[in-house]
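Positions are given from 1 along the sequence.
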Amino acid sequence: MPEGQRADARRNYARILAVAEQEVAAHGPEASLEQIARIAGVGSATVRRHFPTRQALLEAVSKERIEALRLRAAALAGEHSSREALLTWLSEVVAYCVSARGLAAALAYDGDPTQNGCAAALEEAGGDLLARAARDGAVAADVTVADLLSLIVGIALITQYGPDPEARADRLFQLAVAGLSPQR
């Protein structure tokens, strides 16, 4: 939120964001914008003024988690095994996506990360991990972070409403990993 906004606009933004975080956690990315406005005590036009698209709202709700994943990628960059560093980070992205309803939807995009701040941040964060793993022959040279994020988003979206989504998502991710990188 721009600092140049009035104090009441900043308060509305913070209140809307807090309510949106709770509603997205409870109802997923389809959380009602009108319900968010009602609970926050503002009009729906105020919500739309701060968050002109559902994607903008989901990105704002996911911002802290994305930052944590970015920092985690940086921390793992110095790990001994490039394969393990990459797989640890990707596994954590899967876990975040499943536990934070709405994060997978925030990451979903049509291949243009410039249109999606969350995906762009994670693509940048995972870039070094993937490049190192590719140099070491731990993953195929043509695999991209966008490919891996698309895989994760698919896994998270397909498992989020089933029984034990964390275990199912982890199982599907492990199956994908077996096909992504050679066994050593």
Listed partners of Arg48 passing side chain to side chain donor-acceptor pair (under 3.5 Å), at least two apart: Glu34
Distance in Å, Leu175 CG paired with Ile155 CD1, rounded so as to fall on 0.5 Å steps: 8.5 Å
Quick one: does Ser62's side chain have a donor or acceptor within less than 3.5 Å of a partner on Arg65's backbone? no
Does any donor atom in the side chain of Thr144 or Asp147 lie under 3.5 Å from an acceptor atom in the other side chain? yes
Using modelled atom types only, decide if a donor and an acceptor are shared between the side chain of Glu59 and the backbone of Gly117 within a distance under 3.5 Å. yes
Please check this pair: side chain of Arg132 against backbone of Ala77, looking for a donor-acceptor N/O pair closer than 3.5 Å. yes
Between Ala121 and Ile66, the two heavy atoms sitting closest are CB-CG2, 3.6 Å
For the atom pair OG (Ser32) and CZ (Arg38), what is the distance rounded to the nearest 0.5 Å? 5.5 Å
Please check: side-chain N/O of Asp170 versus main-chain N/O of Ala167, any donor-acceptor pairing under 3.5 Å? no
With Glu30 via salt bridge (Lys or Arg N to Asp or Glu O under 4.0 Å) - residues at least two apart: none
His50 versus Ile16, closest heavy-atom pair with distance: CD2-CD1, 3.8 Å
Check whether any side-chain N or O of Thr46 sits under 3.5 Å from a backbone N or O of Val42 as a donor-acceptor pair, and report yes or no. no
In one Ile/Leu/Val/Met/Phe/Trp/Tyr side-chain cluster, 4.5 Å: Leu71, Leu69: no
Given Phe173, which partner from the list Val94, Val93, Val98 fulfils the side-chain contact (heavy atoms from CB on, under 4.5 Å) test? Val94
Considering only heavy atoms from C-beta outward, does the side chain of Val145 approach that of Leu129 to under 4.5 Å? no
Please report the closest heavy-atom contact between Ile36 and Val19, naming both atoms and the distance. O-CG1, 3.7 Å
Atom CG in Leu90, atom CG in Leu151: separation rounded to 0.5 Å? 8.5 Å
Sidechain-backbone polar pair: Arg15 side chain, Ala40 backbone, donor-acceptor under 3.5 Å: yes
Can you tell me how far CD of Gln160 sits from CD of Glu166, rounded to the nearest 0.5 angstrom? 11.0 Å
Would a distance-only check, ignoring hydrogens and angles, find a side-chain to backbone donor-acceptor pair under 3.5 Å from Ser91 to Leu87? no
For Leu148 and Leu130, work out which heavy atoms get closest and say how close. CD1-CD1, 4.1 Å
Transitively linked via ILVMFWY side-chain contacts under 4.5 Å: Ile158 with Leu149? yes
If I compare all heavy atoms of Ala104 with all of Ala156, which pair ends up nearest, and what's the gap? CB-CB, 3.6 Å
Nearest 0.5 Å please: distance from the SG atom of Cys97 over to the CG atom of Leu157. 8.0 Å
Please confirm whether the backbone N or O of Ser82 pairs with a side-chain atom of Arg135, one donor and one acceptor, at under 3.5 Å? no
I'd like to know if the side chain of Arg83 reaches the main chain of Val139, judged simply by a donor and an acceptor atom lying under 3.5 Å from each other, with no hydrogens or angles considered. no
Among Glu64, Arg70, Lys63, which residue meets the side-chain contact (heavy atoms from CB on, under 4.5 Å) test with Glu67? Arg70
Closest heavy-atom pair, Leu76 versus Ala85, reported as atoms and distance to 0.1 Å, is O-CB, 3.4 Å
For Gln174 and Arg171, test the side chains for any donor-to-acceptor distance below 3.5 angstrom and give the result as yes or no. no
Do Leu122 and Trp89 have side-chain heavy atoms sitting under 4.5 Å apart? yes
